[in-house]
Q: 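There's a structure below that I have some questions on.
For clarity, every value in this text was computed on a predicted model and none was experimentally measured. Read the numbers this way: they start at 1 and go in the same order the structure lists the ligands and their atoms. No hydrogens, no waters, no symmetry mates; every other heavy atom, side chains included, goes into these values.
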Amino acid sequence: MKKSIRIVVTAGPTREHLDPVRFLSNPSTGKMGFAIAAEAARRGHDVTLVAGPVSLETPRGVKRVDVVSAREMLAAAVEAVEASAASGGCAFIATAAVADWRPARCAARKLKKGSMSATLQLRRNPDVLKTVSRLARRLAPASFKLVGFAAETGDPVAEASRKCREKRLSFIVANDVTEKGCGFGTDTNRVVFVYPDGSERRFPLMSKRRVAANIIKEIEQC
Ligand code: CTP
């Protein structure tokens, strides 16, 4: 039996509200992150799942924290990571499609089209994974594993490689979302693990459950 690891997973989209009834978001369904959380729990790990707004059931044995915005996701992730790092072996897996921008203002009441500007002012959101990466280096540099995702439409490996170095990850999972069977909401994916030294591990198209199992096995080994 492998040693149990404290694993924190982010999943799903975030919503960045303009007012109580409108928001900026993306089509992430959370399937990949929930599959990872389920597989990690099945393999005996202690899992906290920080989930944006999705309609998926909490996997058995997983502690779930629901959030809406990127800033809420960051706060929940930092809290979970700080609690986990104290216990030794810890991993952070960022599958969430975090909105990079939010409206500069969120109105307390529904905006009326007559009084709305046609231009939306935006502010940069925090990068959850990059912030946790910095925190991890401070808390437990040797025992902390950091895994990112790069869902791309161009050259996934080149982009993933850049992000892996910039966010100082253990490895990053790259895929091309325009490829058949690999987009948002699918039950399958074809991924490449890209490592900080530029090396790669390529996988064929497989279920997200099997992708999840490969990710957890890699974390157990590295
Ligand atoms: N990520 C995050 N917080 C953000 C943006 C991204 O935690 N604000 C994480 C994602 O969960 C993913 C990784 O960073 O694991 C890469 O996300 P991606 O959106 O592909 O990259 P960005 O850093 O936003 O870069 P770019 O806009 O250049 O594609």
Side-chain angles (χ1 to χ4, degrees), residues 7-17 23-37 40 47-54 65 67-82 84 90-104 122-137 144-179 182-185 189-196 208 211-212 214-216 218-219:
I7 299 181
V8 180
V9 184
T10 64
T14 64
R15 286 182 186 171
E16 311 299 328
H17 275 269
F23 53 80
L24 304 178
S25 194
N26 60 69
S28 171
T29 59
K31 279 184 179 175
M32 191 66 247
F34 275 61
I36 290 172
V47 186
T48 302
L49 176 60
V50 180
V54 295
V65 182
V67 297
V68 176
S69 68
R71 288 183 295 172
E72 285 173 16
M73 184 169 277
L74 176 65
V78 165
E79 191 179 322
V81 163
E82 281 175 340
S84 301
C90 183
F92 184 72
I93 310 175
T95 74
V98 184
D100 289 314
W101 300 90
R102 67 178 182 276
L122 299 176
R123 290 247 163 85
R124 260 310 255 284
N125 265 336
D127 188 312
V128 179
L129 177 55
K130 209 169 187 174
T131 310
V132 167
S133 174
R134 253 183 255 123
L135 178 66
R137 285 196 298 283
F144 217 108
K145 313 287 178 249
L146 288 155
V147 182
F149 269 71
E152 304 291 341
T153 56
D155 178 348
V157 170
E159 274 301 293
S161 203
R162 174 179 68 79
K163 289 174 191 182
C164 188
R165 283 193 308 275
E166 279 178 12
K167 303 193 189 200
R168 300 179 69 172
L169 308 178
S170 311
F171 66 97
I172 188 162
V173 182
N175 75 295
D176 181 345
V177 288
T178 61
E179 204 179 299
C182 297
F184 289 110
N189 206 353
R190 193 176 73 80
V191 302
V192 185
F193 292 176
V194 182
Y195 300 87
K208 284 187 173 169
V211 173
N214 283 315
I215 292 168
I216 300 301
E218 185 75 6
I219 288 172

Q: Does D127 come within less than 4.0 Å of ligand 1, judged by its heavy atoms?
A: yes

Q: What pair of heavy atoms forms the shortest contact from P103 to H17, and how long is it?
A: CG-O, 3.6 Å

Q: Under 4.0 Å from any heavy atom of R162, which atoms of ligand 1 are there?
A: 28 (O)

Q: For F171, which residues count as a ring-ring contact (aromatic ring centres under 6.0 Å, His included) partner, sequence neighbours excluded?
A: F193, Y195

Q: Side chains of L129 and L169, heavy atoms from C-beta outward: is any pair under 4.5 Å?
A: yes

Q: Under 4.0 Å, heavy atoms only, figure out whether ligand 1 is touched by the backbone of A70, its side chain, both or neither.
A: neither

Q: Under 4.0 Å, heavy atoms only, figure out whether ligand 1 is touched by the backbone of D100, its side chain, both or neither.
A: side chain

Q: Report the nearest protein non-hydrogen atom to atom 3 (N) of ligand 1: residue, atom name, distance rounded to 0.1 Å.
A: V128 N, 3.0 Å

Q: Roughly how far, to the nearest 0.5 Å, is SG of C182 from CD of E152?
A: 13.0 Å

Q: Is the CD atom of E166 crowded by more than 12 outside heavy atoms at less than 6.0 Å?
A: yes

Q: Return the residue, atom name and 0.1 Å-rounded distance of the protein heavy atom closest to atom 15 (O) of ligand 1.
A: A94 O, 2.7 Å

Q: Give the residue, atom name and distance (to 0.1 Å) of the protein heavy atom nearest atom 8 (N) of ligand 1.
A: P126 O, 3.0 Å

Q: Is there a polar contact, in the sense of an N or O pair closer than 3.5 Å, between A96 and ligand 1?
A: yes

Q: Can you list the atoms of ligand 1 that are under 4.0 Å from a heavy atom of G148?
A: 15 (O)

Q: Kindly state if atom 26 (P) of ligand 1 has a protein heavy atom within a strict 4.0 Å cut-off, that is, under 4.0 Å?
A: yes

Q: Decide, yes or no, whether a salt bridge links E159 with R162 under the criterion of side-chain N to carboxylate O below 4.0 Å.
A: yes

Q: Given R71, K163, E159, which has its nearest heavy atom closest to atom 21 (O) of ligand 1?
A: K163

Q: Give a yes/no verdict on a cation-pi contact between R124 and W101, requiring under 6.0 Å between NZ or CZ and the six-membered ring centre and an angle within 45° of the axis.
A: yes

Q: Does ligand 1 have a heavy atom under 4.0 Å from the side chain of M73, from its backbone, from both, or from neither?
A: neither

Q: What protein heavy atom is closest to atom 7 (O) of ligand 1, reported as residue, atom name and distance in Å?
A: L129 N, 2.8 Å

Q: Starting from atom 6 (C) of ligand 1, locate the nearest protein heavy atom and write down its residue, its atom name and how far away it is, to 0.1 Å.
A: K167 NZ, 3.7 Å

Q: Note the single closest protein heavy atom to atom 16 (C) of ligand 1, along with its residue, its atom name and the distance in Å.
A: F149 O, 3.1 Å

Q: Applying the side-chain contact (heavy atoms from CB on, under 4.5 Å) test to F92, which of V128, V9, T48, V147 qualifies?
A: V128

Q: If you measure from OG1 on T10 to CD1 on I93, what distance do you get to the nearest 0.5 Å?
A: 9.0 Å

Q: For V147, is at least one N or O under 3.5 Å away from an N or O on ligand 1?
A: no

Q: Looking at V211, V191, V192, V157, which hits side-chain contact (heavy atoms from CB on, under 4.5 Å) with N175?
A: V191

